[in-house]
> 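Handing you a structure now.
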Amino acid sequence: MIFSQDQSEFITTYHAAERTDRLKKELTPEDIIQLAKGGKVILDTRDHRYIQSGDLRFPCVKENGKFIIKSIISKDMYMTAKE
């Protein structure tokens, strides 16, 4: 697995920060970014990156050379594609 210890710039969305309430964890946007930067890349494509840090997953979208953290998912959650 690849660790995301590169110098990529990460930005978190309001939705990702809002997810911390549902996870019952108190994380600031800066905490979310640090967890993503220090996590393992579990999927990396041209436009998307999925990062795992502990029991949390961070789906990211690449835009203008930056990774936007769109959400936070715990191991008990799953994502479904929008139709």
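The basis for the numbers below is simple: all heavy atoms, side chains too, and nothing from hydrogens, waters or symmetry mates. Because the structure is a prediction, the values reported are computed rather than measured.
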> Identify the heavy atoms of Ala36 and Ile69 that sit nearest to each other, and give their distance.
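Scanning both residues completely, I find the closest heavy atoms to be CB-CD1, 3.7 Å.
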
> Would you compute the distance between atom CZ of Phe58 and atom CD of Gln52 and round it to the nearest 0.5 angstrom?
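One gets 10.0 Å once the value is rounded to the nearest 0.5 Å.
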
> State, with a plain yes or no, whether a side-chain heavy atom of Val41 is found less than 4.5 Å away from one of Tyr50.
no

> Can you name the side chain to side chain donor-acceptor pair (under 3.5 Å) partners of Glu63, sequence neighbours left out?
none

> Under the salt bridge (Lys or Arg N to Asp or Glu O under 4.0 Å) rule, collect the residues that match up with Lys62, sequence neighbours excluded.
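With sequence neighbours excluded, Lys62 shows a salt bridge (Lys or Arg N to Asp or Glu O under 4.0 Å) to no residue whatsoever.
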
> What pair of heavy atoms forms the shortest contact from Lys37 to Ser8, and how long is it?
CE-O, 3.7 Å

> Answer whether the closest heavy-atom distance between the side chains of Cys60 and Ile68 falls below 4.5 Å.
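Not touching, per the 4.5 Å side-chain cut-off.
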
> For the pair Arg57 and Ile42, evaluate side chain to side chain contact (heavy atoms under 4.5 Å, CB included) and give the outcome as yes or no after the intermediate values.
CA-CA 9 Å; Arg57 313 294 189 274; Ile42 55 177; 4.0 Å; yes

> Residues two or more places apart in sequence or in another chain: which of them pass side chain to side chain donor-acceptor pair (under 3.5 Å) with Thr13?
none

> Considering all heavy atoms of both residues, which atom of Glu26 and which atom of Asp31 are nearest to each other, and what is their separation?
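In this case the closest contact between Glu26 and Asp31 is O-OD2, 4.2 Å.
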
> Are any non-hydrogen side-chain atoms of Leu56 and Leu35 less than 4.5 angstrom apart?
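SC-SC contact between Leu56 and Leu35 confirmed.
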
> Does any part of the side chain of Phe67, heavy atoms only, come nearer than 4.5 Å to the side chain of Glu9, both counted from C-beta?
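They are not in contact (no side-chain heavy atoms under 4.5 Å apart), so the answer is no.
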
> For Asp55, enumerate each residue passing the side chain to side chain contact (heavy atoms under 4.5 Å, CB included) test, keeping only those at least two apart in sequence or located in another chain.
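Expected list: Lys25, Lys75.
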
> Rounded to the nearest 0.5 Å, what separates atom OG1 in Thr12 from atom CD1 in Ile32?
4.0 Å

> I'd like to know if the side chain of His15 reaches the main chain of Ser71, judged simply by a donor and an acceptor atom lying under 3.5 Å from each other, with no hydrogens or angles considered.
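Pair absent, no side-chain N/O of His15 close to backbone of Ser71.
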
> Using side chain to side chain contact (heavy atoms under 4.5 Å, CB included), reason through Ile51 and Phe10 one step at a time and then give a plain yes or no.
CA-CA 12 Å; Ile51 300 170; Phe10 288 83; 3.6 Å; yes

> Looking at NZ of Lys66 and CG of Asn64, how far apart are the two atoms once the value is rounded to the nearest 0.5 Å?
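So the gap between those two atoms works out to 7.5 Å.
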
